[in-house]
Student: 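I'd like to ask some things about the structure below.
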Amino acid sequence: MATSAQSRIKSVSYAKYGYIFVAPFFIVYFIFMLYPLLTTFSLSVHGNGTVAGASNGDFVGLANFQEILFGTTKNHTDFIRDFKSTIIIWVGNFIPQLALSLLLAVWFTDMRIKMPGKGFFKVVMYMPNIITAASVAGLFMTLVGASKYSVANVLFDNSIKWLQTGSDMPAKCVVMFIQVWMWFGNTMIMLMSGIQGINESLFEAAEIDGASSSQTFWRITLPLLKTIMVYTLLTSMIGGLQMFDIPYMLTDNSTRQLTNLETVAIFIYNKFHAGTEASRLYGISAAASVLLFIVTAILGALVFYVQRDKDAIEKNRKRKQMIKDAKRKAKGGGFSI
Amino acid sequence: MSKVTYDTDKGGYQGKLLLKSILVYIVLIILTLICLVPIYLLFVQATRTSSEAVLGFSLVPSNNMIANFQKLGKAYTKYHGLIGVRNSLIIALSCAGLTVFFSGMTAYGLVVYDFKLKGPMFVFILAVMMVPTQVTSVGFMRMLTNMNLTDSYIPLIIPSIAAPAIVFFMRQYMLSSFPLDIIEAARIDGSNEFRTFITISIPMMKPAFAVQAIFAFIQKWNDYYTQSLVLISGNNNQMTMPMMVQYVLMTRNNADYGANALAVFISIVPVALIYIFLSKFIIGGVAAGGVKE
């Protein structure tokens, strides 16, 4: 490739174009994302009328955080309830989703199973993911609605109150089911590309050695998929913390108050978006946003750690192996003499 | 295939595989039904009168679709299917265009040129890739209110110029499959930098552009959150498709169930059509580590 002289010339004469090409991105990012993010941080430490003695815009330190985390008001109880709901719904959707996706991914990549129409199944299973969440919510409202003739009520003989006022676990189960329905195809395709990245010869060797499908899965596929599975787990967690559309659509209805479905994202949204300008709790909302940001940042850092880990471990292993080999050689040499 | 030789050794190997294939197929067919039947049931509901729709479900379509369509226009004062589709199209198309063009441009800048801040800038892009929309939205709304930009399409469209995840994807794509020598060649032939980018690199990056444009389109088409934030007054002629669906669902208690189902069904059709034609691209894109969420 380029010699050092060439690259020096390049860096001297063309550097300014580099800045020009990346400028639009950074300008827009600073205005529409970074500035709002900093504003959120600033709002989170300012009063919004709920902190005693502080008028709008006064600096209140960490009072907003204290109120939502340890306070005695509705802001606190709502936040804790919504946080729990978010976690429950996420766990309840992720575990079955991962299990199902993994099973399908293994089947789809198993060369021994002849599977005409594989492409068709993949297309169908990914489809729910591209439908607007609002429409998906509407779709399931017609299927799981309050009418005693709705599909879910007929299937369960009207014994479970799925989406009625005050429903808790059944309503959460509906959201979990919808989330699995929407996302299992996506996760499956990601895991499939992970499995296809595993060295083919490992599977062949296992087959020749007479390993059964389940042995191959537990001993080869799963350990080698660990990185991509952790990646899926963390990105899904970040996505799960932002869950908004489906629970919001199912909650936001004049006839049904499904407060048990509210997530942290809905908490944030309701505090700064509902009602009139005067009644909006910007500070509370911003404090919840900052907490969400911190959790996401930790998870994001973990994603990077996992992603980077792979190469580092590989290098480490190789280095150790080399040292070992060198030692063994030295030893062996010693003995042979 | 080498397997054939084993088949004679292990009696029933082939039979076992056949059994497994049958099992796999049964599960796949059940899952396919779970994916498709809800949509079919919705279609059936959309063809029925409200009283039919309330009284349970059916697999046989009725004949009330046109009446439902007319009712949608009349009974729901804010619902205008065509206006919703038009507005969503305006937003999604311009966002998709801006996103791929400027992400491609940023990636090009980061790959082709050497400059001092290149490293830090890339690290910055990586770091902000996962900042959730919800976190910035409080400040975002404050800013829009101060700048008088609520109820405008500008804050829905312009921010798509800065899409960190897509810049990252484009950069990886360029690094793996873009010959930098061709840029030198273009320079020697006297092409200026922007012309090289537009006439040479964009055509060469077409596959990446196409996949990311499709994803951006679908994402923006579906983005209820930001749209409902920005279009705070919900003006009739500004509302997008997801907002219209939400409006119809909200007024559901005193409304027509058949018409409700039709409104939801209409909102699914455009995306479903796009998906049917472009499914290969889309699934390929996901497999290539495209975009989650």
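In what follows, chains are A, B, ... by sequence order, proteins preceding strands, each numbered from 1. Source: prediction; values computed, not measured.
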Student: When the ring planes of B:F115 and A:Y19 are compared, do they come out parallel, tilted or perpendicular, using 30° and 60° as the limits?
Tutor: tilted
Student: Quick one: are the ring centres of B:F124 and A:F26 less than 6.0 Å apart?
Tutor: yes
Student: Side chains of B:S279 and A:M127, heavy atoms from C-beta outward: is any pair under 4.5 Å?
Tutor: no
Student: Is there side-chain contact between B:T136 and A:L34, with at least one heavy-atom pair below 4.5 Å?
Tutor: no
Student: With chain A, which of B:P242, B:A162, B:A127, B:S160 has the greatest number of heavy-atom pairs at distances under 4.5 Å?
Tutor: B:A162
Student: What part of B:I161 gets within 4.5 angstrom of chain A, counting heavy atoms only: side chain, backbone, both, or neither?
Tutor: both
Student: Give a yes or no on whether the backbone of B:I282 and the side-chain of A:Y126 come within a donor-acceptor separation of less than 3.5 Å.
Tutor: no
Student: If I measure from the heavy atoms of chain A, does B:P164 come under 4.5 Å with its side chain, its backbone, both, or neither?
Tutor: both
Student: Measure the shortest side-chain to side-chain distance between A:F25 and B:M105 over non-hydrogen atoms and say whether it is less than 4.5 angstrom.
Tutor: no
Student: Mind checking what makes salt bridge (Lys or Arg N to Asp or Glu O under 4.0 Å) contact with A:K118, not counting sequence neighbours?
Tutor: none
Student: Any idea which of B:V264, B:L28, B:V245, B:L42 has the most non-hydrogen atom pairs under 4.5 angstrom with chain A?
Tutor: B:L28
Student: From B:Y225 OH over to A:I266 CD1, what is the distance, rounded to the nearest 0.5 angstrom?
Tutor: 10.0 Å
Student: Could you tell me if B:R142 sits above the aromatic ring of A:Y35, with its cationic atom closer than 6.0 Å to the ring centre and no more than 45 degrees from the axis?
Tutor: no
Student: Over 60° means perpendicular and under 30° means parallel, so classify the ring planes of A:F244 and B:Y224, tilted if in between.
Tutor: parallel
Student: With a 4.5 angstrom heavy-atom cut-off, could you sort out which part of B:S228 is near chain A: side chain, backbone, both or neither?
Tutor: both
Student: Can you name the residues that form a side-chain hydrogen bond (donor to acceptor under 3.5 Å, both in side chains) with B:N222, not counting sequence neighbours?
Tutor: A:T132
Student: Do A:M33 and B:V128 come within less than 4.5 Å of each other through their side chains, counting heavy atoms only?
Tutor: no
Student: Between A:F41 and chain B, with a heavy-atom cut-off of 4.5 Å, which part of the residue counts as in contact: side chain, backbone, both or neither?
Tutor: neither
Student: Which answer fits B:A107, side chain, backbone, both or neither, if we ask what part of it has an atom under 4.5 Å from a heavy atom of chain A?
Tutor: neither
Student: Is the A:F21 ring parallel, tilted or perpendicular to the B:F197 ring (thresholds 30°, 60°)?
Tutor: perpendicular
